[in-house]
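Presented below is the structure to which this report refers.
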Amino acid sequence: MITPSQTAGPFFGYALPFAGGGEMAPAGHPDTLTVHGYVHDGAGQPVPDALLEFWQAAPDGSRTGVPGSLRRDPVTSAVIGRDGVGFTGFGRVPTDADGHWVLRTLPPPATAPYLAVCVFARGLQHHLFTRIYLGEPVGDPLLGGLPPHRRATLLAAGDGVGRYRFDVHLQGDEETVFLELS
Amino acid sequence: MTRTGPMPAEGMATDMSTPVQSEIDAEIGALHEAAAKAVAAGAPAEVHPRRDFAPYRSSVLRHPKNPLVALGDPDAVELSGPVFGVTDITELDSDLTRQHPGEPLGERITVTGRVLDRAGRPVRGQLVEIWQANASGRYAHQRDQHPAPLDPNFTGVGRCLTGDDGAYQFTTVKPGAYPWRNHLNAWRPAHIHFSLFGTAFGQRLITQMYFPGDPLFPYDPIFNSVTDERARQRLIAAYGHDLSRPEWSLGYRWDIVLDGPAATWTEAPEEDL
Ligand SMILES: [Fe+2]
């Protein structure tokens, strides 16, 4: 009796993204990493109407998260951003007009050294899960089961100090590995 | 060039590459028939829409061609998920008719239901988000160029947290149908977009709720991208006369059951937690 998925369509942009959605790291935290990239379609064109969500373990390994990703001002109802004390573990970023997205977060722990990603877009009828690995951990069961060219699609590339690049290819020669969580 | 249909929306391509409704209908019909044959031959009915469903043209370049990779990781982060709380919502978020100085135009409705997991257990204290067109079928979004009026008293965005029984409730106005450019004379049935979280990130769902008896159902490639008839029916809310309030609003009921990794609903032995 599961409820079917339906596309997020083109008009989620005024509803789902929120101020500071990509600012998972507390402002000014010295360990902050920047992870960014593009979303491409099967023709290699940027996807300007995608929404990426991120979920990760906290640096201390905890996976419980804390509320407050969309913390609101009860007077004006505006989103005033995370309180910078708790690490919510959740981020949400729409792609720009050029298909680009940016996330600032804290490093995930060695016990789960990746960011879980859920991709939504106009034209995508059912979201897609993938993972961003920051480095290639030894003995990871998912990566170990993939041929090298597929494995590479899950590995973020170093892009300067504290910065990583990760592109999502929905289709095509460089198609990202997407996951079935069964 | 002769046109047999109504005038297309301004700026719409009218060249030979723009399909007409009968072509879309034929494509949908063929795909539904093939899916029904597969089920008759013993395949399980498909719960979710196919990511590759060509009658919805935008899906063509936006679906992977490789099969999904099964993640059999009992320690996956995706088995846990984000949490939300009272700081993430305000009281007015669930009443879309009270977010502006004046009242929006349209038919006032309430939409209520429960968010459940695969085992039928309520999803408690989780975030439900909705967005929708106004009563005229226009979104408060710059990219929506449908020449129907915006309503200064309606944005069309709502949020709430589910209760202990998994229940959510919104007060809003019934959205209008609206045209889009998938094919010539394409119209979306009235719908409300829903975004849902379970207890695990792997239960995440974005979907659309429809209204009973909509005459546009047979023509819509998005609704029909769910090839199984019974699954499509699960996208349609029920009118609930018991939910209607005298001289105030009409009520609709729609329960949502989240898919997701089995490990989130099979009781795991204590030592595995
Ligand atoms: Fe819509």
Side-chain angles (χ1 to χ4, degrees), chain A residues 1-16 41-43 45 47 53 55-57 63-72 74 77 88-90 111-112 114 116 118 120-129 141-142 145-146 150 170-171 175-182, chain B residues 47-51 53 56 58-59 61-66 68-73 75-78 80-85 87-90 92-93 118 129 131 139-141 143-144 155 157 193 195 201-202 204-208 222 225-226 231-232 234-235 256-262:
Chain A
M1 294 300 282
I2 287 163
T3 305
S5 170
Q6 293 269 270
T7 181
F11 299 132
F12 59 78
Y14 75 101
L16 296 182
D41 70 12
Q45 294 298 309
V47 176
E53 288 186 348
W55 167 245
Q56 65 166 92
R63 301 173 180 199
T64 54
V66 293
S69 296
L70 297 83
R71 196 168 61 103
R72 306 284 290 284
S77 89
T88 73
F90 176 68
T111 49
Y114 54 87
C118 188
F120 302 94
R122 178 180 68 84
L124 179 59
Q125 313 230 59
H126 186 191
H127 57 262
L128 289 163
F129 289 107
L142 170 62
L146 295 169
R150 296 280 284 152
L170 295 174
Q171 191 185 85
E175 187 176 298
T176 302
V177 167
F178 296 107
L179 305 172
E180 176 110 74
L181 307 176
S182 46
Chain B
V47 168
H48 292 291
R50 296 194 184 163
R51 294 185 178 90
F53 193 77
Y56 176 27
S58 299
S59 75
L61 290 171
R62 294 185 170 193
H63 70 273
K65 295 197 169 174
N66 286 287
L68 301 183
V69 173
L71 182 69
D73 177 1
D75 193 39
V77 154
E78 292 87 347
S80 58
V83 291
F84 301 91
T87 62
D88 293 306
I89 54 160
T90 66
L92 282 181
D93 288 357
R118 270 163 55 165
E129 298 165 282
W131 69 103
Y139 284 90
H141 188 295
R143 272 191 57 181
D144 186 357
T155 304
V157 175
H193 296 267
S195 163
F201 194 56
R204 191 78 179 84
L205 178 69
I206 284 182
T207 187
Q208 302 180 26
I222 293 181
S225 66
V226 178
R232 279 200 300 283
R234 295 200 290 272
L235 293 172
I256 298 153
V257 180
L258 302 180
D259 202 352

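Residue numbers begin at 1 in each chain, while the letters A, B, ... track the order of the sequences.
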Rounded distance [0.5 Å steps], CG in A/Leu70 versus CD1 in B/Ile89: 10.5 Å
Per-residue contact mode, A/Leu16 against chain B (heavy atom under 4.5 angstrom): both
Polar side-chain atom of A/Gln6 near backbone of B/Ile222 as donor-acceptor pair, under 3.5 Å: yes
Taking every non-hydrogen atom, the tightest pair across A/Ser69 and B/Phe84: CB-CE2, 4.4 Å
Option that, when pairs with chain A are counted at under 4.5 Å, heavy atom only, ranks first among B/Ala76, B/Gly72, B/Ser195: B/Ala76
Least distance between heavy atoms, A/Leu128 atom then B/Pro64 atom: CD1-CD, 3.7 Å
Residue, of A/Ala57, A/Gly145, A/Ala121, A/Cys118, that accumulates the most heavy atom pairs under 4.5 Å with chain B: A/Cys118
Region of B/Asp93 that comes under 4.5 Å of a non-hydrogen atom in chain A: side chain
Proximal component of A/Thr111, with respect to chain B [non-hydrogen, under 4.5 Å]: backbone
With B/Glu129 via salt bridge (charged side-chain N to carboxylate O under 4.0 Å, His left out) - residues at least two apart: A/Arg92, B/Arg159
CD1-CG distance between A/Ile2 and B/Leu205, expressed to the nearest 0.5 angstrom: 10.0 Å
Closest contact, heavy atoms only, A/Pro67 versus B/Gly85: CB-N, 3.5 Å
Minimum heavy-atom distance between B/Val69 and A/Arg150, given as atom pair plus value: CG2-NH2, 4.3 Å
Under 4.5 Å from a heavy atom of chain B, the part of A/Phe120 involved: side chain
Approximate separation, where rounding is to 0.5 Å, of B/Asp75 CG and A/Arg63 CZ: 4.5 Å
Choice from B/Val47, B/Leu92, B/Val77 maximising heavy atom contacts with chain A below 4.5 Å: B/Val77
Donor-acceptor pair, side chain of A/Tyr14 and main chain of B/Val157, under 3.5 angstrom: no
Backbone of B/Lys65 reached by a side-chain donor or acceptor of A/Glu175 within 3.5 Å: yes
Which portion of B/Tyr56 sits near chain A, non-hydrogen atoms under 4.5 angstrom: side chain
Heavy-atom closest pair, residues B/Arg51 and A/His127: NH2-O, 2.9 Å
Donor-acceptor pair, side chain of B/Gln208 and main chain of A/Thr7, under 3.5 angstrom: yes
Partner chain A: residue of B/Leu258, B/Leu235, B/Ile256 with the largest heavy-atom pair count (under 4.5 Å): B/Leu235
Residue, of A/Phe178, A/Phe90, A/Phe11, that accumulates the most heavy atom pairs under 4.5 Å with chain B: A/Phe11
Spacing of CZ belonging to B/Arg234 relative to CE belonging to A/Met1, to within rounding of 0.5 Å: 5.5 Å
Engaged part of A/Val66 at the chain B interface, taking heavy atoms whose separation is under 4.5 Å: backbone
B/Arg62 versus A/Arg122, closest heavy-atom pair with distance: NH1-O, 2.6 Å
Ring geometry between A/Trp55 and B/Phe201 (parallel below 30°, tilted from 30 to 60°, perpendicular above 60°): tilted
B/Asp73 portion near chain A, given a 4.5 angstrom heavy-atom threshold: side chain
Engaged part of A/Phe12 at the chain B interface, taking heavy atoms whose separation is under 4.5 Å: both
Under 3.5 Å donor-acceptor, B/Thr87 side chain and A/Arg71 backbone: no
Largest heavy-atom contact set with chain B, pairs under 4.5 Å, which of A/Ala15, A/Ala112, A/Gly65: A/Ala15
N/O donor-acceptor pair under 3.5 Å between B/Thr90 side chain and A/Pro74 backbone: no
Selection from B/Asp144, B/Thr155, B/Val226, B/Asn66 maximising heavy-atom pairs under 4.5 Å formed with chain A: B/Asn66
Part of A/Glu53 lying under 4.5 Å from any heavy atom of chain B: both
Flag side-chain contact, heavy atom, 4.5 Å: B/Phe53 against A/His126: no
Residue part contacting chain A, namely of B/His193, when any heavy atom lies under 4.5 Å: side chain
Interface residue of largest heavy-atom contact number with chain B, from A/Leu146, A/Val47, A/Thr88, A/Thr64, under 4.5 Å: A/Val47
B/His48 NE2 to A/Thr3 OG1 distance, which is reported to the nearest 0.5 Å: 8.5 Å
